[in-house]
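Written out below as structure tokens is the structure these notes cover.
Order of the sequence lines fixes the chain letters, A, B, ..., with proteins taken first and strands second; residue numbering starts at 1 for each chain.
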Amino acid sequence: MPELPEVETTRRGIAPLVEGVRIEEIIVRNPNLRWPVELPAEVAGQTIERISRRAKYLIFELQHGSLIVHLGMSGNLRVVAAGAAYRKHDHVAWRLASGSELRLHDPRRFGSVHWHAGEPLSHWLLADLGVEPLGNEFNGAYLRAQAGKRRAPVKNFIMDARVVVGVGNIYANEALFLAGIRPSVRVNRLSRAAWERLAQAVREVLLEAIRLGGTTLRDFVKQDGNPGYFQQSLNVYGRQGEPCRRCATLLTGCRIGQRATTYCRSCQQN
DNA sequence: ATAGTCACCTGAGCGC
DNA sequence: TGCGCTCAGGTGACTA
């Protein structure tokens with residue numbers, strides 16, 4: 001489900017409800033997520049000092065280490081009253097001293113929960129990640145340098161987490177539309193100006209999606225149970241065969257890197 | 001090193 | 001109503 005805006009929306013939603021609160025107990029109802037959930041007993045009793053984000057990972061910074069949570073394709077985190085009935089696919093629950101419970105709900109179980117005693121960014125899942133798209137190092141020159149002599153389609157490249165993190169299938173399609181770049185173009189064929197437009201478009205689309213609370217396609221809900229509203233702003237994703245909002249040309253669909261791809265053959269010519 | 005493919009899992013939607 | 005098929009917001013591991 002979640003790309004960077006949905007993860008950030010989740011972080012902002014739960015932060016005021018969990019920061020500074022002690023974890024009384026962690027209940028692992030089903031450890032069979034993407035990786036087995038194995039949490040040492042010492043996690044209970046610690047206070048959540050801060051919840052931060054790196055890429056699509058949420059980092060619960062505790063007193064003596066971190067919980068690193070990924071929501072996979074279908075995960076969400078919500079804070080509910082302690083004792084509320086479990087729903088199907090509520091796999092992990094944090095019983096909090098505030099009397100609430102934080103719950104990880106993830107039908108497809110592509111999400112994960114890791115305990116890491118050291119510096120969180122040194123965890124193997126986080127160690128080799130590329131730059132944050134909303135950070136200072138991310139710009140056209142950086143993308144161009146990273147592309148080097150590579151020949152991957154630009155859509156694959158922009159979704160490569162070793163280059164830049166947080167850009168999933170929805171926002172890759174949307175950013176390429178905003179930048180006027182065809183998703184299939186090989187990265188060694190893009191001009192300086194195109195890279196600059198793309199960096200700007202990625203930043204713009206992510207910020208706007210965060211502002212609107214993310215994109216709700218099927219089941220994403222914010223921590224308060226409400227959906228995000230960015231789906232109403234989608235220009236191309238999921239709109240194959242429908243008219244381009246800018247020029248009314250019918251949008252073209254194809255698959256790039258096994259993922260559904262939609263673009264306007266008129267507006268996106270590089 | 002890079003590009004492309006596969007796998008993990010459940011649920012929704014569609015055609016028949 | 002049911003069956004079988006396809007597809008879905010991610011990403012590590014594998015193959016050439």
Protein-nucleotides 2-5 of chain B N/O pairs closer than 3.5 Å?
residue	atom	partner	partner atom	Å
B:dA3	OP1	A:Arg151	N	2.5
B:dA3	OP1	A:Ala152	N	2.9
B:dA3	OP2	A:Arg150	NE	3.0
B:dA3	OP2	A:Arg150	NH2	3.3
B:dG4	OP1	A:Arg186	NH1	3.4
B:dT5	OP2	A:Gln258	OE1	3.1

**Asked** Hey, is the side chain of A:Arg108 pairing donor to acceptor with the base of B:dC9 inside 3.5 Å?
**Response** yes
**Request:** Grab the CG-P distance between A:Leu33 and B:dT10 for me, whole Å please.
**Result:** 12 Å
**Message:** Strictly distance-based, threshold 3.5 Å: is any side-chain N or O of A:Thr262 a donor or acceptor partner for the main-chain N or O of A:Ala260?
**Reply:** no
**Message:** Tell me the interatomic distance from A:Tyr237, atom OH, to C:dG10, atom P, rounded to whole angstroms.
**Reply:** 8 Å
**Request:** Show your reasoning for whether ring-ring contact (aromatic ring centres under 6.0 Å, His included) applies to A:His105 and A:His91.
**Result:** CA-CA 6 Å; A:His105 178 87; A:His91 303 312; 7.3 Å; no
**Item:** Between C:dG9 (C1') and A:Arg255 (CZ): distance, integer Å
**Value:** 13 Å
**Asked** Is A:Glu174 reaching over with its side chain to a backbone N or O of A:Val205, donor-acceptor style, under 3.5 angstrom?
**Response** no
**Message:** It should be established whether A:His89 places a side-chain nitrogen or oxygen under 4.0 Å from OP1 or OP2 of nucleotide B:dC9.
**Reply:** no
**Prompt:** Is the number of heavy atoms from other residues, nucleotides or ligands within 6.0 Å of CZ (A:Arg265) greater than 12?
**Reply:** no
**Request:** Specify the separation, in whole Å, of atom CG of A:Leu234 and atom P of C:dG9.
**Result:** 12 Å
Pairs of donor and acceptor atoms involving the side chains of residues 245-258 of chain A, under 3.5 Å and at least two apart or interchain, shall be tabulated with distances.
residue	atom	partner	partner atom	Å
A:Arg245	NE	A:Leu234	O	3.1
A:Arg245	NH2	A:Leu234	O	2.8
A:Arg255	NH2	A:Gln258	O	2.7

**Item:** Side-chain donor or acceptor of A:Arg109 paired with backbone N/O of A:Leu33 under 3.5 Å
**Value:** no
**Request:** Find out whether the Lys NZ or Arg CZ of A:Arg203 is both under 6.0 angstrom from the six-membered ring centre of A:Phe138 and within 45° of the ring's axis.
**Result:** no
**Message:** Would you compute the distance between atom OH of A:Tyr57 and atom CG of A:Leu125 and round it to the nearest 0.5 angstrom?
**Reply:** 4.0 Å
**Request:** Summarise protein proximity over nucleotides 11-16 of chain C in one line of letters, 5' to 3': B for base, S for sugar-phosphate only, - for none, counting protein heavy atoms closer than 4.0 Å.
**Result:** BB----
**Complete:** Quick note, salt bridge (charged side-chain N to carboxylate O under 4.0 Å, His left out) partners involving residues 158-167 of chain A, not counting sequence neighbours, are A:Arg150-A:Asp160, A:Asp160-A:Arg162
**Item:** Whole-Å gap separating P (B:dC9) and CG (A:Leu71)
**Value:** 19 Å
**Prompt:** Taking everything shown except A:Arg151 itself, do over 12 heavy atoms lie less than 6.0 Å from its CZ?
**Reply:** no
**Asked** What's the CG-C1' distance between A:Asp128 and B:dA1, to the nearest Å?
**Response** 14 Å
**Message:** Measuring to OP1 and OP2 of B:dT10, would you say a side-chain N or O of A:Lys88 lies under 4.0 angstrom away?
**Reply:** no
**Message:** Could you spell out the base pairing of DNA chain C as a dot-bracket line? Use Watson-Crick and G-U wobble contacts where both distances are under 3.5 Å, [ ] for crossing pairs, | for partners on a different strand.
**Reply:** .|||||||.|||||||
**Asked** Has A:Phe110 got its ring stacked on the base of B:dC8, with centres under 5.5 Å and planes less than 30° apart?
**Response** yes
**Fill in**
The complete set of ring-ring contact (aromatic ring centres under 6.0 Å, His included) pairs with one or both residues in residues 174-195 of chain A, sequence neighbours excluded, reads A:Phe157-A:Trp195
**Request:** Pick the P atom in C:dC7 and in B:dT5, then give their distance to the nearest Å.
**Result:** 15 Å
**Asked** Roughly, in whole Å, what's the span from CG in A:Asp160 to P in C:dG10?
**Response** 13 Å
**Euclidean distance, A:Gln269 CD relative to A:Arg182 CZ, rounded to 0.5 Å** = 5.5 Å
